[in-house]
Amino acid sequence: MPAPPQLQQALSTALLELGLDPNEPKVRLSRPATSGHGDWSSNAALVCAKRLGVPPREVANQIASKVEALQPAHLKSVEVAGAGFVNFYLFDSWLHEELQQILVQGEEGYARTDLSKGERVQIEFVSANPTGPLHVGNGWWGAYGDSLARIMERCGFDVTREYYVNDTGGQIRRLGESLLKRKAGQQVGEDGYQGSYVAELAAQYRGPDDTMEAGRWAAGRILENIRSTLSRLNIVFDEWFSQASIEESGAVQETIDLLDKRGLVYEEDGAIWLRSAALGDSRDRVLIKSNGDPTYLAGDIAYHRNKFLIRGFDRVIDVFGADHHGQVPSLLAGVQALGVDPGRLEIRLGQMVSLAEGKMSKRQGNFVSLDSLIDDLGPDAVRLLSLMSSIDQATTLDLDLVRKQSMENPVYYIQYAHARISSIQRFAQAMGVERVSLDKVDLSLLTEEAELRLIRVLIKLPEVVIEACSDREPHKVTTWVRELAGTFHSFYHDLRVVGGDVPAEITQARLWLVEGVRIGLFIGLHLLGVSAPSSM
RNA sequence: GCCCCCGUAGCUCAGUGGAUAGAGCAACUGCCUUCUAAGCAGAUGGUCGCAGGUUCGAAUCCUGCCGGGGGCGCCA
């Protein structure tokens, strides 16, 4: 939340009068961590003191008295503290006004901003090969991509969610081989897909004994399952983009022609190479193998040409697993070779998710599928669990522990807060207490510390969403939602809303307060893709 | 060898330039005749991997080292 405009204005004026630049990048008006340091605090004196050759506390004193003289709205007192911080204490009226605004804006409007500058963004994520069920890591990075999309949408971006389907080449052949071997009752080799799902598919396969045909059929079936698994997690894609379609449309050849025209390809050892070493990669890369097949990279560059130059996305965010880290420099080089500013392509790497029980491998089929984890914990818990920490953090899941905790999972803690508020609202109605309209309620009756604390947390949301968006870190929303839920539970314990001997006007003010909290929880949970139940 | 990520309480993780470092789980003590105890309150628990550097100020930025994970294909 930005500081009250009058306070910002007064501070700027004060700084200017002292010959200081209010737009100095390191100068901040921010909320201190502890309430003992005021509602807002400026570090201007610390930043500027050296240049002035005056002790910081002295500068701070001058700033303090100038701001005080300007008497900005809501300002109660100013103090100089620590090494030279100027701390501002505001009247509660500031918080009451903020709450009022939140209630006016509601679920739709609150914490909605426009950072987009009109950008169309594509986020490509999951994109797991259709050769087996999704694993837990796909769910982790999938929740990340989808929540990032939701957050960016709330910040005004036009977002397309896309899944790149790897439905071509050696994998499909290998899948087809595995299927046919299973069907014929033979052993699947070491380099085949050994999971039991292959046997299940083999039993259903009615097509000819053609490797590619069987492979494509199986991939199609698997993709259907992937789609339904993802939808259990509230992940829905706008576009499923087929790699085969890129190859069959001749787009790969067109792309290579384009690169050739730019003088960035050459032939050697019967293969076609990209001069990627000249574009930041550690070496040159093969685009067309000596057997005439395009490499994965060639298809990927053609795909990114489609993203940037055909469909015209302003910005593309690719979410990959860290095991694909090696292909990043090549892809960036390829994009640059197309003449696209590589700054328009962001690649976020999700660190690996593993199980305490041991390593997972899709080929060997001994992994815990995302589906079974969802069966185990429920979709909300899986989604929230995956959005608790940064994707830069490698995760080791201890299933026993997670299962044991699932009844005391953070997800219930948060949802319970939302359900409790709904319950209060139901109770009020049952008692015949109707909420008066917003222009009739006197929010200034909210003076208890537990009430004010709640508003202080609630008003952080817009800034949290903005930060989560620009840092591409959805888990910041999770952190905030947990804090709000905790603050609410504490409030709930301390103060009654309806009934008891609470005066009617206070009940009204508190009903609106908890509605504000409900709005915050609802928005936060929605951005995380977690449901907000009205009862539990 | 080179590249990326991580190292914070017993465990899982927040905090990434501000003033006494936070939460959940585990362990301890209290709180339900009152709007949902899936909750609340209190106490316990930390050389922020190590060593330098930058800064008025570093868990946060820079360098080196140690430890863990991932990657360096005419595989995808």
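Every chain is numbered from 1 and lettered A, B, ... according to where its sequence line falls, protein lines coming before strand lines.
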**Item:** Anti/syn call for B:C32, syn if |chi| within 90°
**Value:** syn
Interface polar pairs with nucleotides 13-17 of chain B, N/O, under 3.5 angstrom:
from, atom 1, to, atom 2, distance (Å)
B:C13, OP1, A:A394, O, 3.4
B:A14, OP1, A:S390, N, 2.6
B:A14, OP2, A:Q393, OE1, 3.4
B:A14, O2', A:T479, OG1, 3.0
B:G15, OP1, A:H475, NE2, 3.0

**Request:** Identify whether any heavy atom of A:L495 sits under 4.0 Å from a base atom; if not, whether one sits that close to sugar-phosphate; answer base, sugar-phosphate or nothing.
**Result:** base
**Message:** Work out how far the P atom of B:A37 is from that of B:G68, and round it to whole angstrom.
**Reply:** 48 Å
**Request:** Among B:G39, B:G70, B:C6, find the nucleotide with the atom closest to the side chain of A:D323.
**Result:** B:G70
**Item:** Side-chain N or O of A:S490 closer than 4.0 Å to phosphate OP1/OP2 of B:A41
**Value:** yes
**Asked** Per the atom types in the model, does the base of B:A76 pair as donor or acceptor with the side chain of A:D300 at under 3.5 Å?
**Response** no
**Message:** Please tell me if A:K289 has a side-chain N or O lying less than 4.0 Å from either OP1 or OP2 of B:A76.
**Reply:** yes
**Request:** For B:G52, give its Watson-Crick or G-U wobble partner with both distances under 3.5 Å, or none.
**Result:** B:C62
**Listed partners of A:V165 passing side-chain contact (heavy atoms from CB on, under 4.5 Å), at least two apart** = A:P130, A:Y163, A:D167, A:L223, A:W240
**Asked** Charged N to carboxylate O below 4.0 Å: is that the case for A:E177 and A:R174?
**Response** no
**Interatomic distance at C1', B:G17 relative to B:A21, whole Å** = 15 Å
**Asked** So which nucleotide does B:G67 pair with, by the Watson-Crick or G-U wobble rule with both distances under 3.5 Å?
**Response** B:C6
**Prompt:** What interatomic distance, in whole Å, is found between P of B:U60 and the corresponding atom of B:A51?
**Reply:** 13 Å
**Request:** Take atom P in B:C4 and the same atom in B:U63, then report the distance between them in whole Å.
**Result:** 10 Å
**N/O (side chain, A:Y416) to phosphate O (OP1/OP2, B:A38) under 4.0 Å** = yes
**Side-chain heavy atoms of A:F85 within contact of A:P32, under 4.5 Å** = no
**Prompt:** If the P atom of B:G24 is compared with that of B:C3, how far apart are they to the nearest Å?
**Reply:** 40 Å
**Request:** Measure the distance from CZ on A:F491 to C1' on B:C35 and round it to the nearest whole Å.
**Result:** 10 Å
**Message:** Parallel, tilted or perpendicular: which one describes the rings of A:Y164 and A:F241, with boundaries at 30° and 60°?
**Reply:** tilted
**Prompt:** Centre of A:W512's six-membered ring, under 6.0 Å away, within 45 degrees of the axis: is that where NZ or CZ of A:R435 sits?
**Reply:** yes
**Prompt:** Starting at the 5' end of RNA chain B and moving along, which residue's nearest nucleotide shows up first, A:A271 or A:F427?
**Reply:** A:F427
**Request:** Between A:V47 and A:H324, just flag the one whose closest nucleotide in RNA chain B comes earlier from the 5' side.
**Result:** A:V47
**Prompt:** For A:L397 and B:C11, what is the distance between atoms CG and P respectively, to the nearest whole Å?
**Reply:** 17 Å
**Prompt:** Taking atom C1' of B:C6 as reference, at what distance in whole Å does atom CZ of A:R348 sit?
**Reply:** 16 Å
**Item:** Among B:C35, B:A38, B:A19, the nucleotide that comes nearest once only the side chain of A:N87 is considered
**Value:** B:A19
**Prompt:** Of the nucleotides B:C40, B:C35, B:A19, which has the atom closest to the A:H489 side chain?
**Reply:** B:C40
**Message:** Looking at A:L387, is its backbone amide N or carbonyl O close enough to the side chain of A:T478 to form a donor-acceptor pair, meaning the two atoms are under 3.5 Å apart?
**Reply:** yes
**Message:** If I take atom CG in residue A:N166 and atom P in nucleotide B:C75, what distance separates them, rounded to the nearest angstrom?
**Reply:** 14 Å
**Item:** Same-atom distance (C1') from B:G69 to B:C74, integer angstrom
**Value:** 29 Å
**Message:** Check for me whether A:R420 meets the cation-pi criterion with A:F488, that is, NZ or CZ under 6.0 Å from the six-membered ring centre and within 45 degrees of the ring axis.
**Reply:** no
**Fill in**
Any strand, both distances under 3.5 Å, Watson-Crick or G-U wobble: B:G39 pairs with B:C31
**Request:** Would you kindly give the OH-to-C1' distance between A:Y492 and B:A37, to the nearest whole Å?
**Result:** 10 Å
**Message:** Using Watson-Crick or G-U wobble geometry with both distances under 3.5 Å, which nucleotide pairs with B:U47?
**Reply:** none
**Asked** Would one find a side-chain N or O of A:R420 under 4.0 angstrom from OP1 or OP2 of B:C40?
**Response** no
**Message:** Under the criterion of centre distance below 5.5 Å and interplanar angle below 30°, is A:H37 classified as stacked on the base of B:A19?
**Reply:** yes
**Prompt:** Distance-only, no hydrogens or angles: does the A:S490 side chain make a donor-acceptor pair with backbone N or O of A:G486 under 3.5 Å?
**Reply:** no
**Request:** Pick base, sugar-phosphate or nothing for A:D293, based on heavy-atom distances below 4.0 Å to the nucleic acid.
**Result:** nothing
**Prompt:** In whole angstrom, what separates A:D398's CG from B:G10's P?
**Reply:** 18 Å
**Fill in**
Per atom distances to the A:A33 side chain, the nearest of B:C35, B:C6, B:A19 is B:A19
**Asked** Can you tell me how far the CG atom of A:L287 sits from the CD1 atom of A:I272, to the nearest 0.5 Å?
**Response** 8.0 Å
**Asked** For B:A23, which nucleotide is its Watson-Crick or G-U wobble mate, given both distances must be under 3.5 Å?
**Response** B:U12
**Prompt:** Any donor-acceptor pair under 3.5 Å joining the side chain of A:Q327 to the base of B:A76?
**Reply:** yes
**Message:** Checking base pairs now: Watson-Crick or wobble, both atom distances under 3.5 Å. What partners B:C75?
**Reply:** none
**Item:** Separation of the P atoms in B:G18 and B:A59, to the nearest angstrom
**Value:** 10 Å
**Item:** Salt bridge present between A:D39 and A:R31 (N-O < 4.0 angstrom)
**Value:** no
**Message:** Using a heavy-atom cut-off of 4.0 Å across all strands, would you classify A:M536 as base, sugar-phosphate, or nothing?
**Reply:** base
**Fill in**
Here the distance between atom C1' of B:G42 and atom CG of A:D494, to the nearest Å, is 14 Å
**Message:** Taking atom types as they are modelled, would you say the side chain of A:S41 forms a donor-acceptor pair with the base of B:A19 within the 3.5 Å cutoff?
**Reply:** yes
**Asked** Taking N and O atoms by type only, does the side chain of A:T295 place a donor or acceptor under 3.5 Å from a partner on the base of B:C74?
**Response** no
**Asked** B:A43 and B:U29: how far apart are their C1' atoms, nearest whole angstrom?
**Response** 7 Å
**Asked** Rounded to the nearest 0.5 Å, how far does CG of A:N166 lie from CD1 of A:I172?
**Response** 7.5 Å
**Prompt:** Touch check for A:N43, heavy atoms < 4.0 angstrom, all strands: base, sugar-phosphate only, or nothing?
**Reply:** base
